Amino acid sequence: MIDNTRKRKWDDTGNMQNTIDKQQKSNDNSLNEAIETNPYLAHLRKPEKLISGKTTAAQAEKIENGEINPFTGRHFTQKYKDILQKRRNLPVHAHRDKFLELVHNNQMILLVGETGSGKTTQIPQFLVYDEQPQDKGKMIACTQPRRVAAMSVAKRVADEMDVNIGEEVGYSIRFEDCTSPKTILKYMTDGMLLREAMTDPKLTRYSAIILDEAHERTLATDILMGLIKKIAKNRKDLKIIIMSATLDSEKFQKYFNDAPLLKVPGRTFPVEIYYSPEAERNYLDAAIRTVIQIHTCEEPGDILLFLTGEEEIEDACRRLRDENNSLMKASTEIGELRPIPLYSSLPPALQQKIFDDPPPPRGPGKQPGRKVIVSTNIAETSLTIDGIVYVIDPGFSKQKVYNPRIRIESLLVSPISKASAKQRAGRAGRTREGKCFRLYTEQSYIKDLNEQTYPEIMRSNLGSVVLQLKKLGIDDLVHFDFMDAPAPETLMRALELLNYLEALDDEGELTKTGEIMAEFPLDPQLCKMLIASSKYKCSEEVLSIVAMLSVPNVYIRPKDQKDRADEKRRQFEHDDGDHITLLKTFQAFKANHEDPNWCYNNYLNLRSLKSADNVRIQIENIMKRLRLDVVKSEDDKKFSSIRKSLTAGFFMQVAHLEKSGHYLTIKDNQVVFIHPSSCIMEKPEWVVYNEFVLTTKNYMRTITKIKGEWLLDIAPQYYDMSNFPQCEARRALERIIKKHKLSSSHRRK
DNA sequence: TTTAGTAAG
């Protein structure tokens, strides 16, 4: 078979005479010469060697343009060659030499590349050709904030490099390690790299680390930045590249010791911004009005409307459907307006609808229809939708806030930042020129919006983070080099929690228990509960409960079928409380062989349950590795053992029933109520709760009844009467102590 | 008598 491409190649490098001349030069070298020049012998060629850390774009491109894949020794495929041409058109390609020059002369560099610049796929490859990590037995890591991104980019880059995914190019995310000893380029979630740092504190297996999407400032990215900065001092051979879309470059440069900054333009279309002339009283009304205006007056093109939450989104969709019905009745010309909701808890099949084609015109020559996607800020970063031409931005989103004084994380509808507003507007310019309607005044944009959203580390409970940092060997948290330091009070709260859980001793040193706890990808309270369950011999059951507590709510309750859903849920309920209900639900799911129909009929979220199953397997493996007993409890003691384990982890989240009939939380005496979703109907004297939610009232959600004496037995360090405020709970506990002393002295007699 | 922005380990 004559292969056309090879034939052409022969003619191109052509020059048969030249080849023959060369072959005649020296008999000794003739074989080598032939291998070098004869394309039919190309597979015998040794790939041209690049010198690590000293390559130029031209040298690297020559190899990329060649016939043999330097990483596998195989012939490049036609598919590779096709993709290569497209890669060369990416904006980042024009900056390859500049990038290499910066990498050669600096340990750390910052790279800002707008959407469509190709930075996430190309920069790691530029580095692979330059670093030659395989010769050093090392890898290059590129982190992503999200699992899907790590996975899909890795697959794309494996194609681009003409290798099999999981071999030279791989990825590593929770539940899936798709790498091999051959791997030289590894995409991974930022959290995963942080996990690796716990066993390999200097990250010795990497010769270069790329932190991508740094502007998102996830908890893990922030910690990694501090950590890597520290590692860099002791590992001069480690290259570090911080990449992001829009980045507060001055702040980043200052933090990274004035590292040089490379800017790469993106490939997007201009978006025209329109502001409201005056402040809107009700942004939801204004948003719906704007949708209708666009639909009736503007050119074809889909709309993306940002709202704050599920309920608001469903409500807006309903109203838009009504509006559409009246419009269609009023005119036969106008196209259909089809609202599509989008938020994370929506079942995947419904999420897919955002990619459907817009509705067709209602007849020949009539106006086409239009999709309007009504979304949370999931569409701001996590999901990109092509075909959006109009964006409506009311300027709000739900954001997590943490109040260390009352130790509560809650969600609050808050104004977005300028960075967020720009990101939202950008969503209109992905396919062609677009428009963004901001439902606030320009004045308000300039004066009221913060430049950047507060990073997560400043808005979160840091229990887990502090445990991880301790495990990473960071002893002095107060002086750890955070880009933005969390509030001292937040750190104090975390240290206090870990001390009470006996993960840290009074000097703040990690204890043996703390070492074990840090191994689990769970909140400290859940870790403690698991460890205790081994002692109380019910770890099989507690494992399931922990897994169920670490996934999104499994109980589905559609607005129009509440009663039926509640009735179905009742079959799993147990008098001891909601934790046991979770256990029974999970057990029923397994007993029914994870059947999707069974889930559907019982109003259970299949996705959540499957994910609980995955978590459970992972946690069980960690327990076995740490030699913690995984045992099934004896039936007669089962539920009290489980409740004792719960108490061992959550003794700081206890409420006591007062004579008034209200619950007060322990020590800080907040009035709290049992969440209406709880299966507990009568009011037990003592309850532990999993979380505290602040809505119309202060609610405890997912609660279980316990006994006062357990608190004294299991957590004497917290229930120390010499350090306990006066209150009914204290008096109740003192009565228990007295009774116990009495009965034990009776026994002694 | 009623919540859930997003993501990660």
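Just so it is clear: chains get the letters A, B, ... in the order the sequence lines come, proteins before strands, and each one is counted from 1. Source: prediction; values computed, not measured.
- Among the atoms of the strands shown, only primed sugar atoms or phosphate atoms (P, OP1, OP2) are found under 4.0 Å from some heavy atom of A:Tyr343.
- Taking 3.5 Å as the limit, the base of B:dT2 and the side chain of A:Arg557 contain a donor-acceptor pair of atoms between them.
- For the pair A:Gln144 CD and B:dG9 P, the interatomic distance rounds to 12 Å; values are reported in whole Å.
- Within the 4.0 Å cut-off from OP1 or OP2 of B:dT6, not a single side-chain nitrogen or oxygen of A:Lys398 is found.
- No close placement of the A:Tyr689 and A:Phe650 rings is indicated, their centers lying 6.0 Å or farther apart.
- Across all strands shown, A:Asp190 has no heavy atoms under 4.0 Å from either base or sugar-phosphate atoms.
- Across all strands shown, A:Ser550 has no heavy atoms under 4.0 Å from either base or sugar-phosphate atoms.
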Before giving the answer on ring pair (Phe, Tyr, Trp, His ring centres under 6.0 Å), spell out for A:Tyr603 and A:Tyr555 the whole-Å C-alpha distance, their side-chain angles and the decisive distance to 0.1 Å.
CA-CA 6 Å; A:Tyr603 294 86; A:Tyr555 304 105; over 10 Å; no
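- With B:dA8, B:dG5, B:dG9 as the choices, the nucleotide that has an atom nearest any side-chain atom of A:Arg146 turns out to be B:dA8.
- Among the atoms of the strands shown, only primed sugar atoms or phosphate atoms (P, OP1, OP2) are found under 4.0 Å from some heavy atom of A:Ser344.
- For the OP1/OP2 pair of B:dA8 and a distance below 4.0 Å, the side-chain nitrogens and oxygens of A:Thr218 include no atom meeting the criterion.
- Note on A:Phe175: nothing from the nucleic acid sits closer than 4.0 angstrom, heavy atoms only.
- For the OP1/OP2 pair of B:dT6 and a distance below 4.0 Å, the side-chain nitrogens and oxygens of A:Ser397 include no atom meeting the criterion.
- Listed by chain and residue number, A:Glu573, A:Asp578, A:Thr581 satisfy the side chain to side chain contact (heavy atoms under 4.5 Å, CB included) test with A:Cys679 (two or more places apart in sequence, or in another chain).
- Taking every heavy atom of residues 605-616 of chain A and every atom of DNA chain B, no pair lies under 4.0 Å.
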